[in-house]
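In listed order, ligands and their atoms are each counted from 1.
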Amino acid sequence: MKAVALTHYLPIDNPRSLFDTELPEPPAPTGHDLLVQVKAIAVNPVDTKVRAPKDKVENAPKVLGWDAAGVVQAVGPDVTAFAPGDEVFYAGDITRPGTNAELQLVDARIVGRKPRNLSFAQAAAFPLVTITAWEAFFHHLALQPDGSGGQSGSILIIGGAGGVGSIGIQLAKRAGLTVLATASREETQSWVRELGADHVIHHHEPIEPQLKAAGHEQVDYIANFHDTDRYWQLMADVIRPLGKIVSIVENSAPVEIGLLKAKSVSFHWEFMFTRAMFRTPDMGEQGKLLDAAADLIEKGQLKRLDRQTYQPINAENLRAAHALLESGRSIGKITLEGWPA
Ligand SMILES: NC(=O)c1ccc[n+]([C@@H]2O[C@H](COP(=O)([O-])OP(=O)(O)OC[C@H]3O[C@@H](n4cnc5c(N)ncnc54)[C@H](OP(=O)(O)O)[C@@H]3O)[C@@H](O)[C@H]2O)c1
């Protein structure tokens with residue numbers, strides 16, 4: 001099968017950083033696994049973080065990629081929810097070979113049915129970021145996806161125009177919150193407004209005066225989708241007493257947890273690979289939430305995230321997609337579709 005892989009961890013302008021290759025097909029699926037024919041993929045910062053230059057060398061080509069839409073080719077004996085021919089979308093498991101290959105084994109419990117009204121490329125834009133924002137808001141911050149329970153309040157979304165922010169803004173609006181989303185460029189500011197942000201905050205300018213001017217000197221929730229270290233003090237300053245903070249970005253230095261004590265603020269980590277990585281008994285929650293997202297997409301209640309699509313899926317296009325992500329200026333999601341003839 002065709003795949004894009006690496007053996008050496010190199011800067012993305014090096015043509016060997018990601019190369020086209022032929023790999024043996026995966027074996028027939030066992031247990032809860034599906035064998036999926038990958039039709040489209042999306043890229044995420046996790047790909048560039050895993051690929052980041054280092055001395056390590058792989059003995060066999062390593063396949064990255066954690067977002068796909070495709071067609072089920074075969075199912076393991078324990079699979080009940082899917083059959084060959086079903087169209088699916090999923091992010092997968094960071095401890096297993098990734099989506100950048102024509103065929104992939106993935107645990108059915110973390111797979112959802114592909115929204116019928118989307119192409120494979122459009123669908124591939126959703127899984128990883130949707131799982132992340134959904135788990136952050138509805139599993140950790142305990143918000144209700146449909147706003148039931150009469151919840152209201154405000155949320156500051158740091159990094160509004162990126163992949164996670166783009167779905168996060170939409171989910172937070174559906175949950176009934178007033179959304180203050182950060183974006184620094186004209187095009188990212190208009191993108192976050194299009195997605196439903198009530199207020200746009202420029203993250204390269206002082207944030208507190210902008211929150212005050214927007215009538216939200218303090219916020220009930222903060223979702224940090226960009227940089228935990230950089231925004232720690234700000235988060236401690238602007239969170240309301242008894243508020244909740246969720247972050248998805250690893251800190252590179254110890255953070256001062258004590259800053260949250262006087263206000264009794266709770267802090268949550270969200271890592272969307274946790275359930276698959278530790279095979280938690282509730283890992284099926286991810287399949288369920290992807291199905292729920294597919295329903296919302298089909299009802300027109302979630303807007304598409306894809307902003308740029310490369311064809312076909314090959315090393316040259318994947319290197320271009322990684323380079324754009326690494327520039328820090330990507331908007332929404334970048335997808336790749338179809339394999340070379
Ligand atoms: N824990 C998890 O499970 C999980 C899951 C997904 C992602 N992540 C991590 O979350 C981060 C975001 O992922 P992503 O896919 O949304 O990234 P992304 O799409 O690459 O984000 C790009 C956006 O970052 C914004 N940005 C640049 N500088 C910023 C700043 N100083 N403050 C706030 N935003 C800034 C840019 O907005 P402007 O152009 O307007 O400046 C740009 O639109 C990454 O570190 C990723 O690894 C973690």
How does V164 reach ligand 1, by side chain, by backbone, by both or by neither, if only non-hydrogen atoms under 4.0 Å count? both
Counting heavy atoms under 4.0 Å, the part of W269 that contacts ligand 1 is neither
Atom CZ of R185 with >12 non-hydrogen neighbours under 6.0 angstrom: yes
Is ligand 1 under 4.0 Å from a heavy atom in the side chain of L128, in the backbone, in both, or in neither? side chain
Under-4.0 Å heavy-atom contact with ligand 1, by part of K333 that carries it: neither
When you look for heavy atoms under 4.0 Å from ligand 1, do you find them on the side chain of H204, its backbone, both, or neither? side chain
Taking only heavy atoms of L325, which atoms of ligand 1 are found under 4.0 Å from at least one of them? 20 (O)
Does K49 approach ligand 1 within less than 4.0 angstrom via side chain, backbone, both or neither, non-hydrogen atoms only? side chain
Parallel, tilted or perpendicular, as decided by the 30° and 60° cut-offs, for the rings of W232 and F267: perpendicular
Hey, is ligand 1 close enough to P45 that some N/O pair sits below 3.5 Å? no
At what distance is the nearest protein heavy atom to atom 19 (O) of ligand 1, and which residue and atom is it? G163 N, 2.9 Å
Could you tell me whether H203 approaches ligand 1 through its side chain, its backbone, both or neither, with non-hydrogen atoms closer than 4.0 Å? side chain
Out of I94, L324, I248, whose heavy atom is nearest to atom 8 (N) of ligand 1? I248
